[in-house]
Amino acid sequence: MMNLAPLRGTRDFFPDDMRLRNWLFGHFRDAARKFAFEEYDAPILELEELYIRKAGEEITGQLYNFEDKGGRRVTLRPEMTPSLARLILQKGGALTLPAKWFSIPQCWRYERTTRGRRREHYQWNVDIFGVPGVTAEAELLAVLVTFFRQLGLGPQDLEIRISNRKLLQSVLDSLGVPDEKFAPVCVLVDKLEKLPREAIEQDMQALGLTDTIVDRIIETLSLKSLDELDNVLSEKYEVIDELRGLFRLGEQYGIADWLSFDASIVRGLAYYTGTVFEAFDRGVNLRAICGGGRYDRLLSTFGGNDIPACGFGFGDVVIVELLKEKNRLPEFTPEIDDLVCPFSEDLRGPAMQIASRLREQGRVVDLVLEDKKIKWIFKHADRNGASRVILIAPDEWSRGEVRVKNLKTGEESNLSPDAL
RNA sequence: GCGGGUGUAGCUCAGGUGGUUAGAGCACCAGGUUGUGGCCCUGGGGGUCGUGGGUUCAAGUCCCAUCACUCGCCCCA
């Protein structure tokens with residue numbers, strides 16, 4: 001037999017797995033919808049040039065790319081934001097702002113697989129275009145908190161760490177580092193905790209940064225609070241006011257318990273320009289659960305006019321690991337309302353009519369499709385989580401009735417089909 | 001790319017130092033119970049023992065190679 005396993009780093013979703021996935025995605029959708037975000041989608045396959053950013057990002061170094069039959073360089077999308085930017089630019093002036101959109105795309109990367117690193121995952125994306133101020137970030141954070149609360153998680157389980165790239169930018173500016181170095185430096189800084197210090201310093205030097213500058217960056221990132229930052233930084237940076245403003249909005253939204261300032265958050269993507277944030281579980285261990293930020297100048301990198309924007313991505317894997325660990329995953333079992341079974345082939349017609357009528361009422365109805373014994377029927381009903389078994393049997397049917405058994409209570413009665 | 005671990009039924013796994021027709025539990029199917037589920041009892045189907053080669057009278061077992069999965073490292077940086 002041929003190899004039946006899914007390709008390395010990819011997953012099959014059997015009905016058992018799909019029940020969990022649908023449950024999770026349902027919560028993604030509910031949380032976004034509560035805040036009036038609208039769902040969109042785009043092709044999994046995009047032109048490779050959509051992701052060429054040359055900032056040393058991990059994500060663009062792991063493109064799942066190839067040449068199609070027309071000789072085009074294409075790639076399975078590693079993230080949704082560039083596709084979203086493409087959609088926004090297509091709308092042009094017809095786009096009414098602010099645009100609040102969400103999606104649950106499957107995203108791909110090609111790399112060696114290890115624990116927790118697959119080649120494919122689903123990533124809930126929530127974005128706001130057209131709002132320059134931190135009211136937009138506050139909205140995103142509130143969506144996240146709403147989602148976490150729906151899952152039964154609290155601020156004792158999770159925290160959202162927030163910073164702002166303008167912090168780093170201000171420091172670089174004051175040290176005379178040219179603007180075009182900013183994005184690559186951010187990418188390197190994001191790796192500070194994951195890689196040996198020397199490797200990073202080497203790369204920083206390759207970008208033309210002196211030891212003094214590197215020290216200053218690290219010094220800034222190690223500050224633990226906004227007040228500390230305020231005292232240490234010589235000039236009055238507007239970024240501190242911006243961060244304070246965001247935390248104030250967090251308080252007014254009643255989500256302050258979930259939020260903390262953390263200067264070491266910078267994110268590994270090149271396009272962020274302002275606020276950046278990541279959510280972590282407080283019981284250590286797991287990787288970031290989600291992350292996002294403001295990217296006000298993404299559209300111009302595609303040749304369009306910029307629109308202020310911010311958003312986050314939220315993977316489907318880490319959150320499930322966390323929920324498992326916290327014992328917060330519900331049991332997922334199949335459920336149907338009625339199992340209808342004709343007792344003999346000449347009663348199949350009436351059985352089909354009764355099933356149809358019940359379905360028109362909105363019930364989930366399974367029909368026994370073969371000539372099966374009663375024992376099989378009840379076993380089947382049990383396995384599929386049926387609430388009722390409706391038997392179309394000769395004696396009852398001759399009196400215009402069907403036999404109904406409620407499997408939850410064990411009650412049985414004869415009813416006219418109209419009374420079902 | 002390097003190293004470790006694991007590959008035996010649909011699933012989870014047993015199978016000292018080689019020795020008849022390769023086992024268990026779960027799952028599946030059937031019967032017990034010809035019109036009533038979960039429990040129980042009985043029976044049944046299902047295996048080229050990852051693949052290829054070698055040693056041997058004899059290989060699931062030993063040797064070599066290879067592939068797959070998995071963990072760690074390297075790479076990405």
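Chain identifiers are assigned alphabetically (A, B, ...) following the order of the sequence lines, protein sequences preceding nucleic acid strands; residue numbering begins at 1 within each chain.
Annotation: proximity of residues 338-345 of chain A to RNA chain B (heavy atom, distance under 4.0 Å) is found for A:Phe343, numbered in ascending order.
Both distances falling under 3.5 Å, in either a Watson-Crick or a G-U wobble arrangement, place B:C11 opposite B:G25. Searching all strands for a Watson-Crick or G-U wobble partner of B:C40 with both distances below 3.5 Å returns B:G32. Across all strands shown, nothing is found opposite B:U48 as a Watson-Crick or G-U wobble partner with both distances under 3.5 Å. B:U17 is unpaired under the criterion used here, namely a Watson-Crick or G-U wobble arrangement in which both key atom distances are under 3.5 Å. In this structure B:U6 sits in a base pair with B:A68, meeting the Watson-Crick or G-U test at under 3.5 Å. Under the Watson-Crick or G-U wobble criterion, with both distances below 3.5 Å, B:U61 is left unpaired in every strand shown.
Using a 4.0 Å cut-off between charged side-chain N and carboxylate O, A:Asp227 and A:Arg244 make a salt bridge.
Nucleic acid contact class of A:Glu57 (heavy atoms, under 4.0 Å, all strands): none. As judged by a 4.0 angstrom heavy-atom cut-off over every strand, A:Glu111 is placed among residues making no nucleic acid contact. Residue-level contact check: A:Arg403 touches the bases, meaning some heavy atom is under 4.0 Å from a base atom. A:Arg383 comes within contact range of the sugar-phosphate backbone alone, with a heavy-atom separation under 4.0 Å but no base atom that close. Across all strands, A:Ala381 comes closer than 4.0 Å to no nucleic acid atom at all (heavy-atom distances).
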If a protein heavy atom is under 4.0 Å from the base, mark B; if only from the sugar-phosphate, S; if neither, -; do that for nucleotides 38-45 of chain B going 5' to 3'.
S-------

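No close placement of the A:Tyr122 and A:Phe28 rings is indicated, their centers lying 6.0 Å or farther apart.
Look at CZ on A:Arg119: it is 13 Å from C1' on B:C69, rounded to the nearest Å. Rounded to whole Å, atom C1' of B:C28 lies 15 Å from atom CG of A:Asn384. Atom CG in A:Asn414 sits roughly 16 Å away from atom P in B:G35 (whole-Å rounding). Computed from coordinates, the A:Asp17 CG to B:C11 P distance equals 15 Å when rounded to whole Å. For A:Ile377 and B:U33, the CD1 to C1' distance is 15 Å, given to the nearest whole Å. We find that CZ of A:Arg8 is positioned 4 Å from P of B:C69, with the value rounded to whole Å. Atoms CD1 (A:Ile374) and C1' (B:G35) sit 5 Å apart, rounded to a whole Å. Rounded to whole Å, atom C1' of B:G32 lies 12 Å from atom NZ of A:Lys373.
For the pair A:Arg165 and A:Tyr272, the cation does not sit on the ring face, since its NZ or CZ is not both under 6.0 Å from the ring centre and inside 45° of the axis. Cation-pi contact between A:Arg161 and A:Phe280: present, with separation from the ring centre below 6.0 Å and deviation from the ring axis of at most 45°. Both cation-pi conditions hold for A:Arg119 and A:Tyr110: the charged atom is under 6.0 angstrom from the six-membered ring centre and inside a 45 degree cone around its axis.
Between A:Trp124 and A:Phe147, the angle of the ring planes lies from 30° to 60°, which puts this pair in the tilted group. Using cut-offs of 30° and 60° for the angle between ring planes, the A:His380 and A:Trp376 rings count as parallel. Taking the six-membered ring for Trp and thresholds of 30 and 60 degrees, A:Trp258 and A:Phe148 have nearly parallel ring planes, at less than 30 degrees apart.
When the C1' atom is compared between B:A24 and B:G47, the two are found 15 Å apart, to the nearest whole Å. The separation of B:A27 from B:U66, taken at their C1' atoms, amounts to 33 Å, rounded to a whole angstrom. For the C1' atom pair drawn from B:C73 and B:C62, the interatomic distance equals 31 Å after rounding to whole Å. The gap from the P atom of B:G37 to that of B:G31 amounts to 13 Å, rounded to the nearest Å. For the C1' atom pair drawn from B:A22 and B:C39, the interatomic distance equals 32 Å after rounding to whole Å. Between B:C28 and B:G38, the distance separating the two P atoms is 12 Å to the nearest Å. Comparing B:C57 with B:G16, their C1' atoms sit 23 Å apart, to the nearest whole Å. Taking atom P on both B:U17 and B:G4, the two are 22 Å apart, rounded to the nearest angstrom.
Mapping A:Leu7 and A:Ala386 onto RNA chain B by nearest heavy atom places A:Ala386 at the nucleotide closer to the 5' end. Between A:Glu396 and A:Trp376, the one whose closest nucleotide on RNA chain B sits nearer the 5' end is A:Trp376.
Among pairs with a residue in residues 365-393 of chain A, those fulfilling salt bridge (Lys or Arg N to Asp or Glu O under 4.0 Å) read A:Asp338-A:Arg388, at least two apart in sequence or across chains.
For the side chain to side chain contact (heavy atoms under 4.5 Å, CB included) criterion with A:Thr275, the lone passing option out of A:Leu141, A:Leu246, A:Leu243, A:Val239 is A:Leu246. Under the salt bridge (Lys or Arg N to Asp or Glu O under 4.0 Å) rule, A:Glu48 has a single partner from A:Arg72, A:Arg73, A:Arg77, which is A:Arg73.
The distance from atom CG of A:Asp262 to atom OG of A:Ser222, rounded to the nearest 0.5 Å, is 10.5 Å.
Applying the 4.0 Å criterion to OP1 and OP2 of B:C76, one finds that A:Arg112 has every side-chain N and O outside that range.
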